[in-house]
Amino acid sequence: MNSEDNKSRNDSELADSMIDGLYPRSSQDLPPESLDKLILTKAHNANKKPESGSPFSGGWKIPFSMAAVMVLGLAVLLRLGVSPEDPYLEMHKSMPAPVKSVADMDAAISIDQELADDLVEEVVGSGVAAEKPGIQRKKLDVRSMEVINTGKELQDAAASSPAGEVMQQAVPEKKKRKALKQEDQLGIMGSHGAGSEQFQESTAPALESKIVEMKSHSQDQGLIQPVEMQSPDIQSIHNGELELQECITTVESLIAETDLVASSEQLKYCQQKFPDADFSTLETLLQPGVKRLK
Amino acid sequence: MDASLVVKAEQNISDEQLMLAYARGDNNAFDQLYARHKGGVFRYFLRQCSDKEQAEELYQDVWARLINARKSYKSEARFTTWLYTLAHNRLVDWYRKQGKIREAFPAGAEREAEADESWQPENDLQRQRLANSLSKAIESLPEDQREVFMLKQEAGLTVNEIAKVTGADNEACKSRYRYAIKKLRHWLLHDESCQ
C-alpha cells in the first residue's frame, strides 16, 4: 500500500516538473507595447494628480464648510439681535422724535419770544395796560411757560418711554439748567402778577387766541410735536395722570371753599374712579376738627 | 538621495518595497514592478479567456485597480498575492458577466487519467510540439483547476497563497492542482500531434 502511494507521488512530481519545463513563456505571450505605455502613463499620472489638481480638489471641503458655518452663524446672530418682533424696537419706531435737536428747541423759543414781543407791543399800543413793565413781563412769562411746558411734556414723555434715556442724553445740561431757571422766575413773577384783575379781564381773550395761533405756527414748522403723536401707551398713561390730577385739584378747591359736603362727594368719586391712588391727605383734610387754610 | 535613484540602484529590492515606494509617489518603482509581473498577469488572463483582446482588457483593468488602490496596500501582504487576488476577482466578475461555465473534460475524467512515467520528450522539436499541446491542454482545463495551475506556474504561489487568492479551502486547492496535472499529462500523452 505504501509502495503504491510513493509511486503515485513520484509520478505526480515527475509530471509536475515535466509540465513546468514544458510550460510556454514565450515573448508572444506578453502584452502589446501600446498597452504597456497606456498603463505606465496612467500610473504616472495618478501620482501627479494631487499636485496639479484643481482648486476644488483635495482638502477644499473643510475650509469651505467652516466658512459657510461662520457666515450662517453670524447671519442668525444678527437676525436674533435685531428681531423685528422686539417690543422695544417697535415702540422706538412708532415714536416720532419729539424735538429734532437742541438747536430746534432754541429756534422755537426764540420764535415764541419774538411773537410774545409783538403781542406785548400790540397790548401796550392799545393803551389798555396801566403798568407797562408788569404787563410785558406777564405776557412774556405766559409765552415762555407755554413753550417750556410743551418742551417739558415732550421730555417727560420721552423719559418715560424706553427710548427716553437716549433723549435725555441728547438734551445738554446747560439747556436743562436754563429751563429750571425760567421755571423759578415764572413762579416769582406769577405771584407778583396774580392780583392784576384788570390785566386778566382785558388781555386774557386776546392772549388765548394768540397762544392758539402760536401753537399752530410752531407745530406747522415741526418745532413742537403734538402730544397726540406719542405712542398709545404713553398717551393713555399721560391722560390718566391728568384726570387724577384734575380730580384732586377739584377736591382741593372745594375744600378751600369750605364746601365739605361737595368735597366729600367729589373725593368719593375720585376714589371710585382711581381705586389705586392715594387720597389719604385729602381724607385727613376732610376729617372734622382739622384746620384748613383758605 | 532621491527615492527613485535608490530604486534604480537596488535592483533586488522586493516587490513589497517597490509597491510602497510607488504609493509614496515614486513612478520608477512602478515601472520596475510592472516589468516584473506584466508577463505573468497577462498570461494568466490569456490562458483563462482564450481571447487576446478580452485578456488585454482584463489585464488593463487589473493594473488600473492596482493603481487606484495603491494607497491601501499594506506591506504585510505579499505583493504577488495581492496582485493575483485583484486578477482573480476581475476574472470572476468577467465569468459572471459572461455567464459561462466551461467543462473541458467530462465528469470522471480524473479517474481515467493515468500517469505514464515512461514518457519523456526526445528532442527540441518534440519539446516545442509538447509546449504547444500543453497550451491547448491548459485552455481545456476546468476553470478552477486552470486557475490554480496558472497561479502556481505564473505567480509562483504556494497552495496556501492560492487558497487565499481564490478564497477556497487549502485541500480543495491541492486537489484541483493535482487533477490539473493529471489531466495535462493525459492530454499530452494522448494528443496525436505530439506522437
Side-chain angles (χ1 to χ4, degrees), chain A residues 1-70, chain B residues 22-31 33-35 38-43 45-47 52 55-57 59-60 62-64 66-68 70-71 113-117 119-121 127-135 137-138 149-150 152-154 177-178 180-182 184-186 188-189:
Chain A
M1 191 71 181
N2 287 335
S3 61
E4 287 182 3
D5 288 342
N6 289 335
K7 186 185 176 186
S8 172
R9 190 175 300 163
N10 291 334
D11 291 345
S12 179
E13 287 174 359
L14 183 63
D16 195 0
S17 62
M18 181 189 73
I19 290 168
D20 189 36
L22 289 174
Y23 183 77
R25 294 187 178 88
S26 66
S27 59
Q28 293 176 349
D29 295 333
L30 290 174
E33 286 186 9
S34 59
L35 194 57
D36 290 344
K37 286 180 182 176
L38 188 71
I39 291 166
L40 290 173
T41 306
K42 192 171 185 178
H44 294 180
N45 289 337
N47 274 335
K48 286 179 185 174
K49 273 180 184 175
E51 296 169 6
S52 61
S54 67
F56 293 103
S57 66
W60 63 273
K61 289 179 183 174
I62 291 173
F64 181 78
S65 303
M66 288 176 69
V69 166
M70 283 185 68
Chain B
Y22 171 62
R24 287 193 297 269
D26 184 0
N27 290 333
N28 289 324
F30 181 84
D31 294 351
L33 203 58
Y34 181 77
K38 65 176 186 178
V41 177
F42 186 73
R43 283 190 291 272
F45 284 116
L46 195 63
R47 304 279 184 260
K52 195 170 183 180
E56 287 177 2
E57 186 181 335
Y59 173 80
Q60 187 179 347
V62 165
W63 284 106
L66 183 141
I67 291 164
N68 291 333
R70 65 192 182 281
K71 301 283 183 185
E114 295 293 336
D116 185 358
E117 65 275 17
W119 181 86
Q120 286 290 333
R127 179 177 289 273
Q128 183 60 41
R129 284 178 180 172
L130 284 171
N132 293 336
S133 183
L134 183 61
S135 295
I138 291 166
F149 175 79
M150 293 300 300
K152 176 85 173 172
Q153 286 294 325
E154 293 293 349
Y177 183 72
R178 201 181 309 127
I181 294 294
K182 281 183 180 178
L184 291 174
R185 282 190 64 213
H186 181 265
L188 293 173
L189 288 171

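Chain letters run A, B, ... following the sequence lines, proteins first and then strands; every chain starts at 1.
Contact of B:Y22 with chain A is made through backbone and side chain together, with heavy-atom distances under 4.5 Å.
Rounding to the nearest 0.5 Å places OH of B:Y59 at 5.5 Å from CG of A:D36. Once rounded to the nearest 0.5 Å, the distance linking CG of A:N47 with CZ of B:F30 reads 9.5 Å. Taking CG of B:N28 as the reference point, atom NE2 of A:H44 lies at 6.5 Å (rounded to 0.5 Å). With rounding to the nearest 0.5 Å, the separation of NZ in A:K42 from CG in B:N68 is 6.0 Å. Atoms CG and CD1, on B:D31 and A:I39 in that order, are 11.5 Å from each other to the nearest 0.5 Å.
By number of non-hydrogen pairs under 4.5 angstrom with chain A, the leading residue of B:G25, B:A64, B:G39, B:A180 is B:G25.
The two residues B:R43 and A:L30 come nearest to each other via the heavy atoms NH1-CD2, 4.1 Å. Between A:A43 and B:N27 the shortest heavy-atom distance is O-OD1, 3.9 Å.
Residues A:P31 and B:F45 have side chains not in contact (no heavy-atom distance under 4.5 Å, counting atoms from C-beta outward).
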